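Convention: sequence-line order gives letters A, B, ...; per-chain numbering from 1. Since the structure is predicted, the reported quantities are computational estimates derived from the model, not experimental observations.
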Amino acid sequence: MYTRSEPVTTPVHFTFEGRPMQAQAGETVAAALLAGNVGAFRDTPVSGTARAPYCMMGTCFECLVTIDGRPNRQACMTEIREGMAVTRQKGAA
Amino acid sequence: MSRKDLCIVGAGPAGMAAAVAARQNGLSVTVLDEAPRPGGQIYRDITRAPQQRQALLGPDYRAGAGLAQAFAQSGSVHLAGASVWHIEEDGAGFVLSYSTDEGSRVVEANALIVATGALERPMPLPGWTLPGVTTTGALQILMKSAGVLAESPVLVGCGPLQLLLAAQLVAAGRPPRAIVETVPAENMRRALKHLPRALRGAGYLVKGAGLLARLRRAGVPIYRDARDIVLEGEDRLEAVSFRSRGRAHRIETGSAGLHHGVVPNPQVTRLMRCEHRWHDSQRAFVPVCDAYGESSVPGLFVAGDGAGIRGARSAALAGRLAALRVAERAGQAASPEIAKLRRALARDAAVRPFLETLYAPCAQALSPAEDTLVCRCEEVTAGQVRAAAKAHAPGPNQVKSFLRTGMGPCQGRVCGLAVTALLAESSGRSPDETGYFRIRPPLKPLSLSELAEFVPDEE
Amino acid sequence: MTPPRASDLLVIGGGLHGCAAALFAAQAGLRVTLLEKDSVARHASGVNAGGVRRLWRDLEEVPLAERSMQMWHRISDIVGEECGFHPVPQVKVAESEDDLAFLAARAERMRAEGFTHETIIDRKELRVLLPAVAEHCTGALVSEDGFAQPFQTTRAFARRARAQGVAIHEGQQVRRLSHEAGLWRAETPEAVWTAGRVLNCAGAWAGGIAAQIGDVAPVEPIAPLMMVTQRMRPFCSAVVGVARRQLSFKQMPNGTVVIGGARLGRVDPARNRTDIDFRELAQTARTAREIFPLMAGAAIQRCWSGIEGRMPDRLPVIGRSARHESAFHAFGFSAHGFQLGPATGALMADLIATGRLAPEIAPFSITRFAASAEAQSQTRRTS
Ligand SMILES: Cc1cc2nc3c(=O)[nH]c(=O)nc-3n(C[C@H](O)[C@H](O)[C@H](O)COP(=O)(O)OP(=O)(O)OC[C@H]3O[C@@H](n4cnc5c(N)ncnc54)[C@H](O)[C@@H]3O)c2cc1C
Ligand SMILES: Cc1cc2nc3c(=O)[nH]c(=O)nc-3n(C[C@H](O)[C@H](O)[C@H](O)COP(=O)(O)OP(=O)(O)OC[C@H]3O[C@@H](n4cnc5c(N)ncnc54)[C@H](O)[C@@H]3O)c2cc1C
Ligand code: FES
């Protein structure tokens, strides 16, 4: 669904749901996940339906994930870091 | 704790230009922006994007490099990654509480320029919460900040940003699948009466025509006057269906970008209880400001798209103007540049009525169908809001108490205008009479631990 | 259309107390008009923490709270709506053996007075009730109380009052109240309203109304601070306080956690304005985290406050005016008047309609301030 138009020159390694992934240094967690073809970022606490980034600028809170055990992190506003463990936010944290 | 002459929230064109001008006039300045790097929306990541990506994004993007450099050299303190979550008046000025990776702190200043820009107008259509459906701006942000491109997106809606992104994707060799434009034919007729005035800012019109020509050459299909739009899919977007000029269409795609204009980001000015008025042609609330950008709260200026949508060039001019006014207040002689800036702003605004009429927001999304969600966080439909309005809830804050619209994590950023519009529609009252959500701190959710450790009186 | 401006009873203030009293007065056969300066439930009654609490009340308030509690349990019979009422335990947690002894003494005292709703639970029982409570907590004082949705509740009383014939007028600020030729005259910017009797339920603003008719009531406007988190997994099914610290903590059915605790913000009643003081809220956050360590990761979604009237002795003013037979007051609930709404409304209506003063409200006469004001001016004169 999304692809990189540039090669990864400064790789950063992280995991999503335990799966190893790679990103370009300096980009956001959301960009890294979308480039890695992650579809759903979270399930809503209300109905449990899947959601993914909508605005990419910190407005909509659809990109909430858990990062290194901390829930409710905006993936689109958080820079990816080496070794991060990212997981889906399932319902209420 | 040291107190600054001026604090600026937002490091887009308005904020950066304000900081540069204020420093030139000897003021001490702190700029806070929640983004890790300066630039704002238009120049996002301009200091980091590789040359090749900059070339694809075009000259208007690259134009930000000079401003970003002047800002970097201005001697302003730039707090990057600093999200402002509360502002208080303390008699002499303002105290801003902000959050970074290291926790929350405060800064104080005698004057404040709010340069928090615009938000994309939310576009509640059936299926708009499906993964794969984003705003058009989101697709552009992916491109600007990461060189990540959506595969054959369908761009739904209208407005200059829609065409700009389409052209940028064409330049990147990855054209959109289609543009599904929601502009009814009569809009052009209505807009024509604003054309003579718009010609004073002909540069914008030439640019727009250029974009359209490029899209035509690249063979991007444009469906006009689209209605009955549905974003289809089970647990992710599979297709966009709609009617255009009497014919039904269905385009399979995993990505759709929605856009029908941008609106002022109301969070800070509402938090500060600045007076706001409905702007009929922009279809949004704007803070009431004087000719220099000072709001109804003395010492609080609003510059850039947050004061009403006028684009990046005007944002920089308005930022500069506000900063010169702050300098004048701080005891400097009035700058002769002020009159020049005001004339330039007037010239730059000439094109707006034309654009606002032509690209008026999509009717289907302004008055969504009963079962379309308007509040994405709390999953509240347009029908529920209308029913609450009829039963017992005359204002947005009462609807919030009943339905929790605006109580989820986005704090009403996404559903705010839709709720006002639905209530105004149900009651027949104007948006001004209907009002808007009361915005309460923190402006962004704050972890309880961060609050527990917040000791504002110690630096 | 000009509304009928003469009635038997004029109620000033559309909070829970005004709406409840209006409803019951109408049921008792009076023609009632209610004037509200903003909108119904706009202030304390619509934004409070929703605690329906008998636990730890001042002894004088307990009989009234008991009576109200009975009404809460049949709230949908009274107003036709559930009002989000949930009967759950109210818990005051002890953080040390010393705390527990302090709470036990209270339970003892209550029993001696004939009240049996407050009981002590030990360390183990506390963990059954609140599995997420911090290690150091040693037990608690508990009573079977509850919580409700304040905005919904107040609106429900207003709706039922309207259905019973009460004329509720919003956006009508009483600027002047006077007694002329046996009638009460209330002037709002748009009209003059008259009635044989008047009830002052003006909350934090009630002191001004009282003063206009010659009554003394030192109402202090305060702004209790509240915060609410994003939705969390269910972990707490009681309303929780702490023995010797200020905390009010509850998880709502939707998962959000509402936290308050007597800490105050800044208030400007003339402008309907409150300002959040995060120095104060930071302390509430610390207490919450110490009692429930899992709160460390909670996300604070929103902070707010409301304007409430507080009396010097933290007890409300309920009853007849000290100066006028036909004027009545119910205000100054000092940040715990939500629970008292139904019973106070019923007993006030009874007093106004029949002249019967119920023992539950007898302790709260406004005359207690008239006496002290008198004393004060005397000491001033003699010194
Ligand atoms: C997604 C998007 C893409 C756009 N792309 C273009 C484009 O390519 N070309 C174009 O001409 N116009 C574009 N626009 C229109 C744009 O609004 C203006 O052209 C221009 O960016 C406005 O400048 P500004 O300085 O007013 O605000 P912005 O550039 O929007 O800057 C506002 C800044 O404030 C910061 N901010 C907001 N709230 C807070 C807070 N509470 N704490 C800390 N920081 C905060 C934001 O992080 C942001 O950096 C876009 C708008 C959007 C929403
Ligand atoms: C943040 C907060 C949390 C609280 N938590 C709890 C709790 O958990 N449990 C509990 O039991 N209690 C709680 N309380 C207290 C409770 O909310 C109040 O005691 C109760 O709501 C008071 O009701 P009222 O009708 O007297 O006042 P209000 O609801 O304030 O109503 C008074 C009304 O009078 C109107 N008015 C004033 N002057 C005039 C005039 N001149 N003309 C016309 N109208 C006028 C006002 O606009 C207002 O609407 C809390 C209060 C606050 C602020
Ligand atoms: S995608 Fe909207 S907040 Fe992150």
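- Counting heavy-atom neighbours within 6.0 Å of B:Gln52 CD, excluding the residue itself, gives a total of 12 or less.
- B:Arg174 touches chain A through its side chain: at least one heavy atom from C-beta onward sits under 4.5 Å away, while N, CA, C and O do not.
- With a 4.5 angstrom heavy-atom cutoff, B:Ala146 touches chain A via backbone and side-chain atoms both.
- Among A:Met56, A:Glu62, A:Glu27, A:Met1, the residue making the largest number of heavy-atom pairs under 4.5 Å with chain B is A:Met1.
- Using a distance-only test at 3.5 Å, with no hydrogens or angles considered, a donor-acceptor pair links the side chain of A:Arg51 to the main chain of B:Arg376.
- Only the side chain of A:Thr49 comes within contact range of chain B, with at least one heavy atom under 4.5 Å from a heavy atom of that chain.
- Highest contact tally toward chain A, considering only B:Gln267, B:Arg53, B:Glu120, is held by B:Arg53 [criterion: heavy-atom pairs under 4.5 Å].
- Side-chain atoms of A:Arg70 and B:Ser447 include no donor-acceptor pair closer than 3.5 Å.
- In this structure, the portion of B:Arg48 lying under 4.5 Å from any heavy atom of chain A is its side chain and not its backbone.
- With a 4.5 angstrom heavy-atom cutoff, B:Pro50 touches chain A only via side-chain atoms.
- Proximity to chain A (any heavy atom under 4.5 Å) is shown, for B:Cys415, by neither the backbone nor the side chain.
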Audit row: A:Met57, B:Ile141, side chain to side chain contact (heavy atoms under 4.5 Å, CB included) steps and yes/no: CA-CA 8 Å; A:Met57 55 179 282; B:Ile141 288 168; 3.7 Å; yes

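- Across A:Ala23, A:Pro45, A:Ser47, A:Ala35, the residue that shares the most heavy-atom pairs under 4.5 angstrom with chain B is A:Ser47.
- Proximity to chain A (any heavy atom under 4.5 Å) is shown, for B:Leu237, by neither the backbone nor the side chain.
- The contact between B:Gln41 and chain A is made entirely by side chain atoms (from C-beta outward), counting heavy-atom distances below 4.5 Å.
- Contact of B:Asp101 with chain A is made through the side chain alone, with heavy-atom distances under 4.5 Å.
- Of the two parts of B:Leu149, the backbone and the side chain both hold a non-hydrogen atom closer than 4.5 Å to a non-hydrogen atom of chain A.
- Contacts between B:Glu34 and chain A at a heavy-atom distance below 4.5 Å involve backbone atoms as well as side-chain atoms.
- Looking at A:Glu6, the atoms closer than 4.5 Å to chain B (heavy atoms on both sides) sit in the backbone and in the side chain alike.
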